[in-house]
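Before any comments, here is the structure.
Atom set for the values below is all heavy atoms of this structure, side chains included, hydrogens, waters and symmetry mates excluded. Naming convention: chains lettered A, B, ... in sequence-line order (proteins, then strands); numbering from 1 in each chain.
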Number of protein chains: 2
Amino acid sequence: MTPSARRHISASGSGSAYDAGPSGGGERVRIVDLAQELQLSVATVSRALNHVPTVDDDIAQQVRDLAERRGYVANRLARSLRMRTPPFVGFLVPDVENLAYSIAVDACAKYVGQLGYQLILVISGDDSASEYAALRSLAEAQVAGLIVAPSPDMSEESRALLAGRSVVQFNRDCGLSDYTVVCDDRPAFADATRHLLELGHTRFAYVGTTDVVSNGRDRLEGVRGELSRAGRRLSNASTRLLPPTETDGYAAAYELFTTGSRPTALVVGSSNLSMGVARAVRELGIAIPQEMSLVVYGDDRWGGLYEPGLTTITAPYREMARTVADIVTELLSGGRRPRRGPVRLPAELVIRGSIAPAPPRSR
Amino acid sequence: MTPSARRHISASGSGSAYDAGPSGGGERVRIVDLAQELQLSVATVSRALNHVPTVDDDIAQQVRDLAERRGYVANRLARSLRMRTPPFVGFLVPDVENLAYSIAVDACAKYVGQLGYQLILVISGDDSASEYAALRSLAEAQVAGLIVAPSPDMSEESRALLAGRSVVQFNRDCGLSDYTVVCDDRPAFADATRHLLELGHTRFAYVGTTDVVSNGRDRLEGVRGELSRAGRRLSNASTRLLPPTETDGYAAAYELFTTGSRPTALVVGSSNLSMGVARAVRELGIAIPQEMSLVVYGDDRWGGLYEPGLTTITAPYREMARTVADIVTELLSGGRRPRRGPVRLPAELVIRGSIAPAPPRSR
DNA sequence: TTGTATGCGTTATCAC
DNA sequence: GTGATAACGCATACAA
């Protein structure tokens, strides 16, 4: 019995359209099957399929025709094992709902696809144990390169897993690689603060994420720095650093608005937090911008919908995505290495009606 | 020379931290390397690594310790080739920026990860050629199952590629599989229309996507059906079916608002279109809801921010994601097959201030 | 131009 | 309890 004989066991009277192959056979067709049917060696078939020029034109055409008819699909796992060239690129993100990540993942999946790679997406949930598991599974898949948006507290084991591989850091710089694409938030937050100062505000508050991640730190420092240049400072009571969730933002804002003297200017340093803050604002019936000026962070697409419009600090999502995709592309295509060092793309401040002069009686 | 001897060529004085392995070696360590170092056979090492009980406890521990020390990472491609059990699940989406898809992708990546699979993400861009290429690459990766949000005009070749595989349709039903998770938009669109009718509106307009996809059709039919029950109909002039992009929405709305008699009630049937429409509304200074009532579709997170709030029809994204992840999970774990037939989750109508009685002088 | 034989890293089937 | 050895599907060095 030939090695492939046992393959041809499937019945002709196949079941539903979903569980039968193109020719009615459930089993995948391999090179050896084609070779047998054409009375050729696997080597010749392989060469024909790969357009190796030494193979006879007629034979080659025959092979490719048969391959098409029989619905032959190459096994990339086997090919990759033999060629020692992995077909995958990994992308690790905390979550893919975040617009920054979804746009970047989208761009990278398209780009690497054009290069013949495929993108394996893994989610860390910003949890260091899940992150390690995710990275390990990427390593097991022999990824040719990986894009990593590290969690704030990446473990040593995780870092070790990354050693010796082509990695590009995205959105967060944790010193894992020479290749990094981040958003430079600081100037935009400083600008926003300066605007608020010029509008006469004195009671500032900031709601942002924990400052161990570089982004969180930068945003907070943007506000703090500009305040201190004006001889002011952010009190601890009016600085809230939280996990980036809607509910945390809501809770923090609610408390901020209902205890002590209410701030007249509030800057929010995260997209999810912004949504929670907005909910608290609306629920408490706080008039924007008459009673309070508000600067939020994140997706700008809805900010312009209603009057007075929402002043928004927004990351250059598309540009970040394009940049990281370009770097990965260059890294993979093996040509000249991309320029080393972090690429810092400035965030943009979009001013709309949600900021206004401080109310007269403030302080 | 032993097979592995040529491996140990890397120098001790390694370069930067990013291009050296944990032990300073750039080469990956394989089972045979561990076996040689411990003077064992590859079989024993493999068994120890896989916790096969027949192996001596001491030996097993030794092996696992060494594996850890040397940073051994299994090659899943080789394992999968041998075991004939693919480690991947594929997910095909038109784009991953769309909230419905990003949430579903997120959920599925997490779920399949827990089952030891990894998710390969491919993007079709709603283009049938890219879609075919994407599906083919998934087939080449030998995916154990795949989740597909088909493009409106999926080609025959693409369908053939899907035959014989476990597939779950997501968000769009194109008759590719018994397993389908979609949003039932029709009732919500009908509800919205009924509200608008009760508010005395007579000049309706609808801006939606081309109706060849079931979703687009359902949404339009929800509006049309309710109008006809009230003895009214949507004129062709006030029905715009377009590709789902912000710019298309803007252009269509702009034209709708500036030519002929302006509608007093507008329903939008797509998230991207909604953003374009909103931009046109604001740019033309149309007062909502005084001059026009507006119902949009999509992400509801920002709709409640400002007064009067945005009446929104929103898909149950989380529930859809959870459902599709559950089905895939059941399909993969090979237990009892999930219940066949499409799962239709109803869209939700969130009523806010953007709808109001029709202005007095209308018709 | 084509066929034979070998190996990619792993697991499984046999002996021992 | 352990060790040779053969496969998994594919690509290539070498022989013919």
Side-chain angles (χ1 to χ4, degrees), chain A residues 1-7 27-36 38-63 67 70-88 116 139-144, chain B residues 1-7 27-36 38-63 67 70-88 116 139-144:
Chain A
M1 171 155 136
T2 66
S4 64
R6 64 186 159 73
R7 293 274 159 174
E27 298 285 345
R28 310 269 176 265
V29 27
R30 308 152 301 164
I31 283 188
V32 53
D33 299 320
L34 302 178
Q36 185 185 258
L38 291 175
Q39 301 285 42
L40 289 171
S41 74
V42 290
T44 305
V45 174
S46 171
R47 285 190 279 250
L49 258 16
N50 291 318
H51 293 84
V52 173
T54 69
V55 54
D56 180 275
D57 282 353
D58 282 352
I59 304 270
Q61 201 51 52
Q62 269 184 53
V63 170
R70 310 268 282 131
Y72 170 76
V73 174
N75 185 332
R76 292 209 62 165
L77 276 48
R79 177 203 298 250
S80 161
L81 183 61
R82 172 62 226 247
M83 310 254 291
R84 318 180 61 93
T85 128
F88 299 113
E140 290 180 349
Q142 311 293 111
V143 288
Chain B
M1 170 155 134
T2 66
S4 63
R6 63 186 159 72
R7 292 274 159 173
E27 299 284 345
R28 311 269 175 265
V29 26
R30 307 154 301 163
I31 284 189
V32 51
D33 300 319
L34 302 178
Q36 184 185 260
L38 290 175
Q39 300 285 43
L40 289 170
S41 73
V42 289
T44 305
V45 173
S46 171
R47 284 189 282 251
L49 258 16
N50 291 315
H51 293 83
V52 174
T54 70
V55 54
D56 182 274
D57 281 354
D58 282 351
I59 304 272
Q61 202 51 53
Q62 269 184 51
V63 170
R70 309 269 284 133
Y72 169 76
V73 175
N75 185 332
R76 294 210 59 165
L77 277 48
R79 175 203 298 248
S80 162
L81 183 62
R82 174 64 228 241
M83 309 252 294
R84 317 179 60 92
T85 131
F88 299 114
E140 291 181 349
Q142 311 294 108
V143 288

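- The shortest distance between the side-chain N/O atoms of B:Tyr72 and the OP1/OP2 oxygens of C:dT10 is below 4.0 Å.
- Within the nucleic acid shown, B:Leu77 has no heavy atom closer than 4.0 Å to any nucleic acid atom.
- Comparing B:Asp57 and A:Arg47 against DNA chain D, the residue whose closest nucleotide sits nearer the 5' end is B:Asp57.
- If you measure from atom CZ of B:Arg76 to atom C1' of C:dC8, you get 18 Å, rounded to the nearest angstrom.
- Side-chain nitrogen and oxygen atoms of B:Ser46 include at least one within less than 4.0 Å of the OP1 or OP2 phosphate oxygen of C:dT11.
- Look at CD on A:Glu140: it is 13 Å from C1' on C:dG9, rounded to the nearest Å.
- When the P atom of D:dA11 is taken as reference, atom CG of A:Asn50 falls 5 Å away, rounded to whole Å.
- Of all nucleotides listed (D:dG3, C:dG3, D:dA11), C:dG3 comes nearest to the side chain of A:Thr44.
- Between C:dG9, C:dT11, D:dC10, one nucleotide has an atom nearer to the side chain of B:Ile31 than all others, and that is C:dT11.
- At whole-Å resolution of the value, CD1 in A:Ile59 and P in C:dT1 are 11 Å apart.
- Closest approach of A:Leu38 to A:Gln62, counting heavy atoms only: CD2-OE1, 3.8 Å.
- Taking each heavy atom of A:Ile59 and A:Leu40 in turn, the nearest pair found is CG2-CD1, 3.7 Å.
- Between the A:Asn50 side chain and the A:Val52 main chain, no donor and acceptor come within less than 3.5 Å of each other.
- For the pair A:Met83 CE and D:dA13 C1', the computed distance is 15 Å after rounding to whole Å.
- Checking D:dT12, C:dG9, C:dT11 against every side-chain atom of B:Asn75, the shortest atom distance belongs to C:dG9.
- Considering all non-hydrogen atoms of both residues, A:Arg76 and A:Pro87 come closest at NH2-CB, 3.2 Å.
- The interatomic distance linking B:Leu49 (CG) with C:dT11 (P) rounds to 7 Å, in whole Å.
- Comparing atom distances between the B:Arg82 side chain and each of D:dT2, C:dT2, C:dG9 picks out C:dG9 as nearest.
- When the P atom of C:dT2 is taken as reference, atom CD of A:Gln62 falls 10 Å away, rounded to whole Å.
- Counting distance only, with no hydrogens placed and no angle test, the side-chain atoms of A:Arg79 and the base atoms of D:dA11 include no donor-acceptor pair under 3.5 Å.
- Of the candidate nucleotides D:dT2, C:dT10, D:dG3, C:dT10 has the atom lying nearest to any side-chain atom of B:Ala78.
- When all heavy atoms are compared, the tightest approach of A:Leu77 to B:Ala141 is CD1-O, 3.6 Å.
- Across the protein-nucleic acid pair, B:His51 atom NE2 and C:dT11 atom P stand 13 Å apart, rounded to whole Å.
- In the set D:dT12, D:dG9, D:dG3, the nucleotide with an atom closest to the side chain of A:Ala43 is D:dT12.
- Between A:Arg84 and the phosphate of C:dG9, there is a side-chain N or O to OP1/OP2 separation shorter than 4.0 Å.
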